[in-house]
Amino acid sequence: MAAPATSVVVLDRGNNTTCTVNLHGATVVSWRVNNQEQLFVSKQAIFDGKRAIRGGIPIVFPQFGAWSTGPQHGFARICRWELKKPPERLPTGDVEAMFQLLDNEFTRSMWNYPFSLTYRLILREKELHFNISVYNPGAETLSFTFLLHTYFKVPDVRRCQITGMRGCTYIDKTREGAMYQEHRDVVTINEWTDRIYQNTPLEHIITNVVSGRKMRMQKYNLVDTASRRAEGMGPVPCLTAVKGGCPATQRTSKTCEVCSK
Ligand SMILES: O=P(O)(O)OC[C@H]1O[C@H](O)[C@H](O)[C@@H](O)[C@@H]1O
């Protein structure tokens with residue numbers, strides 16, 4: 001019997017700095033910097049190749065949230081992606097890998113459009129760089145939502161602070177989607193939180209992640225930022241979102257970088 005195709009890809013930069021990607025959803029399931037894990041994956045995560053992996057960095061596409069024609073948060077996180085370019089060391093010493101998802105019968109059953117998603121990851125000394133390129137070969141404009149649903153590891157979510165939200169309006173999903181404006185310089189997450197901050201700046205600093213460190217998150221062509229703390233879940237997921245689209249026969253690119261400081 002043929003050996004089952006491998007389902008995880010490891011980018012190894014040396015010095016115990018690695019990034020592990022599960023081809024199911026191209027989900028980053030581990031990011032270690034000097035052997036220190038930066039991401040949270042639930043002990044209850046199920047790796048059955050069907051359900052979304054609970055934690056790490058799932059990719060949400062083409063729909064953020066409930067979806068009338070398919071599962072919540074779309075299909076990208078529950079499809080098996082192809083490894084387009086195996087991990088390769090760049091002249092800088094960084095390690096790059098690329099993954100691809102094309103439309104298929106399963107995606108067409110929910111979203112009847114042709115597309116090509118290319119996910120490029122670069123593992124740097126203390127940074128992880130993500131670039132998603134959405135190519136629309138078709139004649140119709142694609143409308144979609146895209147997120148990197150990052151689950152950072154934090155020892156005590158109540159001590160986390162997130163900068164950059166002051167003045168932004170937000171949708172509070174814990175209050176039936178009511179809109180509010182943020183007045184705080186730094187946002188803390190002391191209670192059940194499920195918010196989408198709109199038109200946020202390009203950079204956020206999140207304090208007290210991992211063992212009291214800071215995380216810098218930078219994003220390009222990603223409009224909003226969500227913050228969330230779920231009941232019974234220690235760590236704070238913080239994620240970036242975009243409501244956007246891609247014109248016919250064109251490509252659009254979204255980039256995010258997280259840096260452990
Ligand atoms: O449970 P999932 O389908 O993975 O969704 C996890 C969460 O995703 C986002 O953060 C939404 O704002 C939340 O409302 C949702 O609970």
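Since we're looking at a predicted model, the values are computed, not measured. As the structure lists them, so they are numbered: ligands from 1, and atoms in each ligand from 1.
Within the structure, every pair that satisfies the side chain to side chain donor-acceptor pair (under 3.5 Å) test and touches residues 87-104, not counting sequence neighbours, is listed here: Arg13-Asp94, Lys85-Glu96, Thr92-Asp94, Glu96-Arg120, Gln100-Ser116, Asp103-Arg108.
Within a 6.0 Å radius of NZ in Lys173, more than 12 heavy atoms belonging to other residues, nucleotides or ligands are found.
Taking a cut-off of under 4.0 Å to the non-hydrogen atoms of Lys173, the atoms of ligand 1 that pass are 11 (C), 12 (O), 14 (O). Applying the 4.0 Å criterion to heavy atoms of His149 picks out, from ligand 1, the atoms 6 (C), 7 (C), 8 (O), 9 (C), 10 (O). Below 4.0 Å from some heavy atom of Arg77 lie the following atoms of ligand 1, by number and element: 2 (P), 3 (O), 4 (O).
Remark: the Thr255 side chain and the Asn221 side chain contain no N/O donor-acceptor pair separated by less than 3.5 Å.
In summary, the aromatic rings of Phe75 and Phe115 are positioned with their centroids under 6.0 Å apart.
Scanning all protein heavy atoms for the shortest distance to atom 8 (O) of ligand 1 gives His73 NE2, 2.8 Å. Taking atom 13 (C) of ligand 1 as the reference point, the nearest protein heavy-atom neighbour is Asp194 OD2, 3.1 Å. With hydrogens left out, the protein atom closest to atom 1 (O) of ligand 1 is Arg54 NH2, 3.0 Å, a heavy atom.
Proximity of Arg195 to ligand 1, defined as any heavy-atom pair under 4.0 Å, is not found for any part of the residue.
Of the possible donor and acceptor atoms, one in the side chain of Thr163 sits under 3.5 Å from a partner among the backbone N and O of Ile205.
Seen from the ring of Phe144, Lys254 does not count as a face-on cation partner, given the 6.0 Å and 45° thresholds.
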